[in-house]
There are 2 protein chains.
Amino acid sequence: MSEAAQLIQHDRSHQISSRDRLPAFPHTVSHPGTRAVSARGSSVMDDSTDLHDGFSPFQGFQSLQDPQQRMLEMMRTVRELVQPASKVVRPGDVLYHSGLPFNTVFLINSGAYKLVSRSLDGREQIVSLKFRGDWLGFSGIAHGRHACDAVAMDTGNVSIIPYATLLEGCVRHPELMAVVHEAMSTEIRRERESLMSVCTLASQARVAEFLCAWARSMAQRGLRADELTLRMTRADLGNYLGMTLETVSRCLSRLNREQLIRFGERGRRQISIPDLARLEQYVISGSSARTARLQ
Amino acid sequence: MSEAAQLIQHDRSHQISSRDRLPAFPHTVSHPGTRAVSARGSSVMDDSTDLHDGFSPFQGFQSLQDPQQRMLEMMRTVRELVQPASKVVRPGDVLYHSGLPFNTVFLINSGAYKLVSRSLDGREQIVSLKFRGDWLGFSGIAHGRHACDAVAMDTGNVSIIPYATLLEGCVRHPELMAVVHEAMSTEIRRERESLMSVCTLASQARVAEFLCAWARSMAQRGLRADELTLRMTRADLGNYLGMTLETVSRCLSRLNREQLIRFGERGRRQISIPDLARLEQYVISGSSARTARLQ
DNA sequence: CGCTTGATTGAGTGCACTCAATCGGGGTGG
DNA sequence: CCACCCCGATTGAGTGCACTCAATCAAGCG
């Protein structure tokens, strides 16, 4: 058994109640080959050379497929070339702890995860939220130790990929390397979007944009985008968005009052978005220059 | 203090060249595709050419402890395996524009650079500052187009590395791939540190931490850490730190009044830090829970 | 049933923002 | 040369948004 599995610990002290009626098998490791590999072998990512010849009509090579197909293709590529073990996680499970030696990354098959950074003086910050198709652990490559905690917010499943295995795979299969580079590049982009949001938007617009981003993200994964089920407390939300839990609550109430969102029947963590375009419009109109403009 | 804790420390890299009398050309675009190698650029480049032989291809440079040595080693590896052209940039030069096709990354030999993201509705955000040893362009991999502008804030020199070439190099030289992965991982870490700073620190502590990070980074490169020369306006600073330029100015004045920093004789962009430990202590004490705590 | 945890809402405060005036240095032209 | 302007930086006055503190409510659970 890999040391990766040993790193995974089950911490049930912070379980989100009532949401896991699924039978959980925390220590079950399933095998990847079970999913049939599609016959059409040549994926779009194979040919990495023609991507960079300087011209692309749309979004580069991505435009050849919709994002969901691309994600599936990516996951298929990884499964095929790395053949990783996988693992079921439950709410509160920690995939890796900040400071522990890095030797494994994870590819998310399902579930929702938060990455929590801690400063030396004890400040905690949720720096990222991750979902199906996202990778976990890249930040640990740099110094050989994980830079944050990865905590499952929901029941889910991750592929376990020893980093050494991944590197070997990248050497033998350049298309896998392209996939990994792209995933890391995406992660850099996302962090920057968070920073932009926190730095330039007032609190209510920030909450609104968060909901928009979540909705878009769900749509991109083929899930329904008009009915969000937040799997986090107001405290988590506030921490991630750089505001207090009370402010989050007030902003959501105000958005609800203004009909931009609607609370679901099954608790106020369920939020429906009647008109996503209108919510996005609100973000734009609310983006008064909150900080210093450039030039 | 544990080894792990040290590894997590902030290390934004900053490097400043000493001359500053050059005129700025704010909208000059230099073309990365032109392989113009300037002979006189060698003055700013590290021209050590001796090889280093022994490091594990899959471990990157983690075995080397001294960060400065590690950086030099990394740059040497890239020069050796990729043999990139290089290019002199001047203040205001734009290495790449957001939205333009991505096909090149850059490795910074000298100078200071800012990465500016723009949202659809026109908000601008300096998302990162880059210096010697940092890479530029990784965020463009994901969608085949650059995600931000890269603007030189000072005279400098960058190595020009076509991404296709880099990929080929990675396939043939696993140690190069490790270098690239490590660089991207570092970039992810840095963005998260920025987010943490913006989300958890009050404005004055945020400014203080920015200065601390700068100073540490100088020290890490063997340069003097008690005399900083900021190469950006208060507006840039404020944008990067998520506050207005007036607030930046007030915070600096207050830090000066409290003897935590001292303004230099050559203008108020020059800042000396009499006691770095005391400044760092101030950051910690000023880190009152500004946003929601977790659990 | 009471306990606990999470969410909401209210009241009041303070920090950081906006607006605005001033200052200083560097460059330019009369 | 000075006068002038422009730009960046500083400082002040006043305001408002988001924070703190605190009470209440709702839901889940032993």
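Residue numbers begin at 1 in each chain, while the letters A, B, ... track the order of the sequences. Just so it is clear, the values below take in all heavy atoms, side chains as well, and ignore hydrogens, waters and symmetry mates.
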In whole angstrom, give the distance that lies between atom [atom1] of [X] and atom [atom2] of [N].
X: A:F263; N: C:dT8; atom1: CZ; atom2: C1'; result: 9 Å
X: B:D236; N: D:dA9; atom1: CG; atom2: P; result: 9 Å
X: A:E265; N: D:dA27; atom1: CD; atom2: C1'; result: 16 Å
X: A:L201; N: D:dA18; atom1: CG; atom2: P; result: 11 Å
X: A:M243; N: D:dG16; atom1: CE; atom2: P; result: 21 Å
X: B:I271; N: D:dA9; atom1: CD1; atom2: C1'; result: 12 Å
X: A:R268; N: D:dA26; atom1: CZ; atom2: C1'; result: 11 Å
X: B:L230; N: D:dG8; atom1: CG; atom2: P; result: 15 Å

Fill in: Distance-only polar pair, side chains of A:T200 and B:Q125, donor-acceptor under 3.5 Å
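Result is no, nothing qualifies.
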Worksheet item: Between A:S217 and A:R221, do the side chains contain an N or O donor and an N or O acceptor separated by less than 3.5 Å?
Response: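 On atom types as modelled, these side chains qualify, holding a pair under 3.5 Å.
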Fill in: Side-chain ion pair, B:R192 and A:E187, N-O less than 4.0 Å
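Salt bridge: yes.
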Worksheet item: Taking it one step at a time, do A:L136 and A:L115 satisfy side-chain contact (heavy atoms from CB on, under 4.5 Å)?
Response: CA-CA 9 Å; A:L136 299 170; A:L115 300 185; 3.8 Å; yes
Taking OP1 and OP2 of [N], is either one under 4.0 Å from a side-chain nitrogen or oxygen of [X]?
X: A:T247; N: D:dA18; result: no
X: B:S203; N: C:dA16; result: yes
X: A:T244; N: D:dA18; result: no
X: A:R269; N: C:dA7; result: yes

Worksheet item: Of the residues in residues 251-262 of chain A, which ones touch DNA chain C at a heavy-atom distance under 4.0 Å?
Response: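 Of all residues in residues 251-262 of chain A, the ones placing a heavy atom under 4.0 Å from DNA chain C are A:S253.
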Worksheet item: Do A:E246 and D:dC21 share a donor-acceptor pair, side chain to base, under 3.5 Å?
Response: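 Indeed, a donor on one side and an acceptor on the other fall under 3.5 Å apart.
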Worksheet entry | hbond_proxy B:R250 side chain to C:dT18 base (donor-acceptor, 3.5 Å cutoff) |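 By the distance-only test, yes, there is a pair.
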Discussion item. Restricting to salt bridge (charged side-chain N to carboxylate O under 4.0 Å, His left out), what partner residues turn up for A:R216, sequence neighbours left out?
Written reply: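 Checked A:R216 against salt bridge (charged side-chain N to carboxylate O under 4.0 Å, His left out); matches are A:E280.
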Discussion item. Please determine whether side-chain contact (heavy atoms from CB on, under 4.5 Å) holds for the pair A:E227 and A:Q270, giving the CA-CA distance in whole Å, both sets of side-chain angles, and the decisive distance to 0.1 Å.
Written reply: CA-CA 7 Å; A:E227 282 278 344; A:Q270 206 177 47; 4.2 Å; yes
Discussion item. From C-beta outward on B:L245, which listed nucleotide comes closest to its side chain: D:dT10, D:dA18, D:dA9?
Written reply: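 Closest of the options to the side chain of B:L245: D:dT10.
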Fill in: With sequence neighbours excluded, residues passing ring pair (Phe, Tyr, Trp, His ring centres under 6.0 Å) with A:W214
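Only A:F131, A:F210 meet the ring pair (Phe, Tyr, Trp, His ring centres under 6.0 Å) criterion with A:W214.
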